[in-house]
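The structure under discussion appears below in the form of structure tokens.
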Amino acid sequence: HLATSLPLPSERDHLRPRIDLVVFMIDIKSKYSLKNVETSLVHVDASFFLGKVCFLVTGVGRVNACSVETNAICKLGKAYCSPMLFCELELEGIRVATAQRLVRMLQICAGHIPGVSALSFVSLMRNSDDD
Amino acid sequence: ESVDPQKTAFALRKAWTLYSVTPLYRFRRARLRDYARLLSAFIAAERQKGLAVEVGAELDIKVALSSLAELRGSELDQAALLVQLSSRSQASSRNSEDKVVWSGWFCSMFGDDLSENIPEDFTSLPLFLSHGAESYTALVGSWFQKTFDCCFCRLAISPQNLSWMVAMWAGCKLDRAASAVELVFSVPRLAQPLDISYAIHPEDAKALWDTVQKTPGEITQEEVDVFMDCLYAHFHRHFKIHLSAAKLVKVSTAIASAHCDGIVKILHSQYLPGVLMLLTELAISQIQ
């Protein structure tokens with residue numbers, strides 16, 4: 001399900017399936033996308049931040065079109081204790097690999113991978129980031 | 001420091017295309033005359049090969065290399081190096097003035113970050129500015145690359161860096177009436193490209209910056225962000241358009257203007273060192 005911002009319209013609440021993973025997309029070329037994500041984040045219940053939220057930063061291939069400061073993005077990831085994936089959607093290989101990663105994460109968050117919970121997975125990712 | 005305005009006048013009011021240059025190997029200041037001769041011969045040879053740059057191929061290209069001791073930040077910087085290509089048509093009289101057809105200069109303004117760490121035998125002049133036909137830039141560039149084993153790379157300026165520039169320059173104090181502060185945005189993903197030009201009265205822009213900046217002489221990323229956010233919010237209030245979603249491609253102030261393709265025009269001699277310092281920093285970060 002794709003949404004331009006949160007909160008989701010309440011009219012469809014009863015039709016909506018359970019949400020296992022929320023991916024916030026930030027386009028490094030658009031400051032507006034960062035602001036939009038920041039205002040949407042406050043509408044997410046705190047329990048999601050135990051491994052069911054991740055940030056996807058796109059447009060990283062073009063450093064020269066950068067409108068957003070990388071520090072600001074990393075601070076956001078740290079503040080919300082959620083992993084940050086960087087990708088370039090315009091390159092098919094990276095697009096496919098990123099999609100595969102997200103599907104993997106979704107499988108874990110939905111409980112389809114025995115022995116791995118969303119929380120254990122996100123703490124695994126965080127430890128490798130700090131290295 | 002006081003810089004002789006005469007010596008630096010050539011740098012003003014021209015659109016310079018920016019490049020970053022890796023350090024030059026075995027460059028000797030004493031040999032400028034030799035280099036000029038060698039470059040001149042190189043250009044003549046390339047033109048013989050059929051890479052004629054102008055239709056009127058009788059034009060004689062004269063090369064001059066000079067050092068500009070005033071154009072540097074500190075004693076640790078190398079003095080700027082100016083290369084000028086001038087032509088004298090063989091048809092005109094021998095006493096006629098040579099016409100400068102192309103100029104380019106290497107510069108380092110407080111470029112200690114790079115010059116501190118390079119080995120002996122290397123000269124650090126990370127910023128290159130050129131004005132004139134692209135074909136001459138290519139000729140001069142390839143001679144320098146071959147002779148000093150360096151590498152030229154176009155210096156693009158990101159929207160983030162352009163925001164820094166407009167915030168810095170809009171806040172500068174100017175004694176006489178200044179031109180408007182202008183930001184040009186390009187809107188992506190439309191069937192036909194759309195450019196939005198946002199012009200602000202220079203006094204309003206300076207007043208806004210003065211309320212944002214906490215310590216005079218210091219600028220932080222947060223202050224630049226607040227400044228830009230105010231401009232975006234004002235525009236949104238009037239036109240319901242989120243400029244923050246568009247790409248900032250050009251900024252223009254009374255001090256200088258800069259385009260994201262790496263083209264800069266400096267208008268005010270007093271702020272020339274400041275602008276060059278910023279550009280040197282950009283060049284160095286591209287090299288590293």
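All chains are named by letter (A, B, ...) in the order of the sequence lines, taking the proteins before the strands, and each is independently numbered beginning at 1.
A/Ala99 meets the side chain to side chain contact (heavy atoms under 4.5 Å, CB included) test with no other residue; sequence neighbours excluded. With sequence neighbours excluded, the residues satisfying side chain to side chain contact (heavy atoms under 4.5 Å, CB included) with B/Leu190 are B/Val187, B/Leu194. With sequence neighbours excluded, the residues forming a ring-ring contact (aromatic ring centres under 6.0 Å, His included) with B/Phe227 are B/Trp209, listed by chain and number.
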For chain A against chain B, give me the donor-acceptor pairs closer than 3.5 Å, one per line with atom names and distance.
residue: B/Gln160; atom: N; partner: A/Cys66; partner atom: O; Å: 3.0
residue: B/Asp225; atom: OD1; partner: A/Lys31; partner atom: NZ; Å: 3.3
residue: B/Asp229; atom: OD2; partner: A/Lys35; partner atom: NZ; Å: 3.1
residue: B/Ser244; atom: O; partner: A/Lys31; partner atom: N; Å: 3.0
residue: B/Ser244; atom: O; partner: A/Tyr32; partner atom: N; Å: 3.1

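Interface residue B/Ile157: only backbone heavy atoms are found under 4.5 Å from chain A.
The neighbour count for A/Leu15 CG, taken as heavy atoms of other residues, nucleotides or ligands under 6.0 Å away, is above 12.
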